[in-house]
Amino acid sequence: MGLSLQSVKKRYPDFEIDVSFDVESGTLATLLGPSGCGKTTTLHIVAGFIRPDGGRILLDGVRVDDVPPHERMAGLVFQDYALFPNMSVSGNIGFGLRMQGWPKERADRRVFELLELVRLSGYGGRSVTSLSGGEQQRVALARALAPEPKILLLDEPLSALDANLRKSLRGEIRRIQRELSVTTVYVTHDQEEAFAISDRIAVMNDGRLEQSGTPQEIYNDPETLFVAQFVGLTNTIRGTIAGKKGPLFEIDSPLGRFKARSHRLFDGKRDVVLIFRPERVTLGPKKKDWNVFQGEVARCEYLGDSTLLDLNAKGTGFTVKITGEALCATGETVLIGFSPDDCTILKASG
Ligand code: ATP
């Protein structure tokens, strides 16, 4: 059953949250959004630290709105580890077990298991202050998991670590989450991290959920302009629906007429935004039935495995990513092409 947030609201003088989303049992869902969009507040509402002003929170099908934090069976991991500096690694991991009155022998066994799980076997007796940042975060994860929580809540757990460590530890978190099948909510503002570890991503903006879906849905079929622009680079062309021919919508724009396939319905001559990703573009001769327009190369960056080009077409900027080396130079005029199947149409207001 997992977690269900139903119209959960929190009002502050200058900010308001109103969110609904479900996390299936045993899966990892990420709350992704820019700083200040309400991710931490939402997580703290789930944990029970913040009381919502409205809505319902269900954990494994049971309403927990009035259940105090320590009875919600949530394991928490914070950005700054929040370990007890005067305790050993084992002391930290076993803390929740002692609080819950586990018999010593069973608690010791559990701590031993957790040390193995987070690959810190042999570290039990060490002081946590002697550990590296990555090791401290493993201890924090083990401490959160020790009492067998119903739900694991992670708030930007990797943001204090350097880039390489972030990558390896996010893989570890995913491995452990899958091994234990623990329902998990992960908060981050880092889209790569969200894509790398999530079963589902909920994109938040200004206290609201913009879209919830698998990483593939979020990237390939964004429902709003905010989502399209927040996750990865994107190109946009503003235009108006001119009609529909077979399965394809036709869109008139200052750059010409374009065709696009869409599962969304658009009535009349609605203003729309056509969206396509830089890596879905080809340069050069027109491919049959593809959309094509002319642009001038403003900048060309060879990155080894790919080339990133900034192009200008009638005053609008575009980004194109070509695998390998692109044979063109600054100032050159090129044909920019993309398939009607590789773009998304959104209402201009969206
Ligand atoms: P970050 O990634 O920077 O941590 P966030 O997405 O987690 O951001 P929150 O920390 O949830 O965002 O904050 C959302 C908004 O709610 C912010 O504008 C913040 O100022 C406001 N806010 C949070 N707590 C309070 C409070 N106790 N009183 C008033 N406003 C608050």
Side-chain angles (χ1 to χ4, degrees), residues 1-11 16-33 37-79 96 100 140-158 170 173-191 193-205 207-218 223 227:
M1 188 64 194
L3 172 72
S4 181
L5 264 68
Q6 302 171 356
S7 303
V8 168
K9 295 178 185 55
K10 181 73 198 169
R11 284 175 215 100
E16 196 176 312
I17 282 178
D18 186 347
V19 288
S20 298
F21 70 90
D22 293 329
V23 183
E24 256 182 60
S25 178
T27 66
L28 188 154
T30 294
L31 286 176
L32 172 69
C37 72
K39 306 179 297 290
T40 296
T41 305
T42 305
L43 201 74
H44 285 190
I45 289 172
V46 175
F49 301 149
I50 296 176
R51 201 178 166 79
D53 298 316
R56 289 151 53 98
I57 305 160
L58 284 87
L59 200 50
D60 284 341
V62 178
R63 203 164 165 185
V64 294
D65 308 35
D66 292 322
V67 176
H70 63 277
E71 287 174 23
R72 288 195 190 189
M73 299 287 288
L76 287 135
V77 180
F78 304 100
Q79 174 183 341
Q100 287 182 10
L141 184 62
R143 182 180 63 179
L145 290 167
E148 297 169 344
K150 279 191 184 160
I151 190 160
L152 180 64
L153 306 174
L154 302 135
D155 191 359
E156 303 260 8
L158 307 179
R170 80 185 182 207
I173 290 174
R174 184 56 164 158
R175 171 186 66 81
I176 290 166
Q177 184 274 331
R178 281 212 169 113
E179 224 169 289
L180 303 178
S181 287
V182 58
T183 309
T184 302
V185 184
Y186 190 101
V187 160
T188 183
H189 63 272
D190 181 328
Q191 59 127 322
E193 202 168 290
F195 275 71
I197 65 163
S198 311
D199 291 302
R200 289 183 77 81
I201 297 173
V203 183
M204 279 188 83
N205 177 29
R208 303 277 186 285
L209 219 65
E210 291 268 333
Q211 183 175 356
S212 169
T214 63
Q216 288 80 1
E217 285 164 350
I218 298 284
E223 280 171 11
V227 173

Inset, instruction - Return the minimal non-hydrogen interatomic distance between L209 and A202, and the atom names on each side. - result: CD1-CB, 3.7 Å
Legend entry - Straight-line distance of L76 CG to L141 CG, nearest 0.5 Å: 11.5 Å
Inset, instruction - Using the test side chain to side chain contact (heavy atoms under 4.5 Å, CB included), find all partners of A194 that sit at least two apart in sequence or belong to another chain. - result: T30, L32, T188, S198, I201
Inset, instruction - Work out which heavy atom in P157 is nearest to a heavy atom in V187; give both atom names and the distance. - result: CD-O, 4.1 Å
Legend entry - Distance-only donor-acceptor check, side chains Y186 and E193, under 3.5 Å: yes
Inset, instruction - Decide side chain to side chain contact (heavy atoms under 4.5 Å, CB included) for I57 and L3; before the verdict, give the C-alpha distance in whole Å, the side-chain angles of both, and the deciding distance to 0.1 Å. - result: CA-CA 7 Å; I57 305 160; L3 172 72; 4.0 Å; yes
Legend entry - Nearest atoms (heavy-atom pairs only) where R208 meets E16: NH1-O, 3.5 Å
Inset, instruction - Report yes if some heavy atom in the side chain of L5 is under 4.5 Å from a heavy atom in the side chain of V46; otherwise report no. - result: yes
Legend entry - Basic-acidic side-chain contact under 4.0 Å: D199, R174: yes
Inset, instruction - Would you mind checking if R51 and D66 are paired as a salt bridge, meaning a charged N to carboxylate O distance below 4.0 Å? - result: yes
Legend entry - Donor-acceptor under 3.5 Å (E71 side chain, P68 main chain): no
Inset, instruction - With rounding to the nearest 0.5 Å, note down the distance linking CZ in F49 to OG1 in T41. - result: 12.5 Å
Legend entry - Donor-acceptor under 3.5 Å (R72 side chain, V67 main chain): yes
Inset, instruction - With rounding to the nearest 0.5 Å, note down the distance linking CG in L31 to CZ in R200. - result: 12.5 Å
Inset, instruction - For residues I218 and V227, determine if any side-chain heavy atom of one lies less than 4.5 Å from a side-chain heavy atom of the other. - result: yes
Legend entry - Flag, side chain of E24 to backbone of G2, donor-acceptor distance under 3.5 Å: no
Exercise answer: donor-acceptor pairs, residues 145-156 side-chain atoms, under 3.5 Å, sequence neighbours excluded:
{"residue": "D155", "atom": "OD1", "partner": "T40", "partner atom": "OG1", "Å": "3.4"}
{"residue": "D155", "atom": "OD2", "partner": "T40", "partner atom": "OG1", "Å": "3.1"}
{"residue": "E156", "atom": "OE1", "partner": "H189", "partner atom": "ND1", "Å": "3.1"}
{"residue": "E156", "atom": "OE2", "partner": "H189", "partner atom": "N", "Å": "3.4"}
{"residue": "E156", "atom": "OE2", "partner": "H189", "partner atom": "ND1", "Å": "2.9"}

Inset, instruction - Look at the side chain of Q211 and the backbone N and O of E223, then say whether any donor-acceptor pair between them is shorter than 3.5 Å. - result: yes
Legend entry - Interatomic spacing from CG in D22 to OG in S212 - rounded to 0.5 Å: 8.0 Å
Legend entry - Gap between atom OG of S25 and atom CG of L59 - 0.5 Å precision: 9.5 Å
Inset, instruction - Only counting residues at least two apart or in another chain, list the ones meeting side-chain hydrogen bond (donor to acceptor under 3.5 Å, both in side chains) with D53. - result: none
Inset, instruction - To the nearest 0.5 angstrom, please state how far the CG atom of L58 sits from the CD atom of Q6. - result: 5.0 Å
Legend entry - Whether K39 side chain and M204 backbone form a donor-acceptor pair below 3.5 Å: no
Legend entry - Closest approach of G48 to P69 (non-hydrogen atoms, all atoms of both residues): O-CG, 3.4 Å
Inset, instruction - Could you give me the CA-CA distance, side-chain angles and deciding distance for I173 and L158, then say whether side chain to side chain contact (heavy atoms under 4.5 Å, CB included) is met? - result: CA-CA 10 Å; I173 290 174; L158 307 179; 4.0 Å; yes
Legend entry - Parallel, tilted or perpendicular: rings of F78 and H44 (30°, 60°): perpendicular
Inset, instruction - Considering non-hydrogen atoms only, spot the tightest contact between V8 and R56 and give its length. - result: CG2-O, 3.4 Å
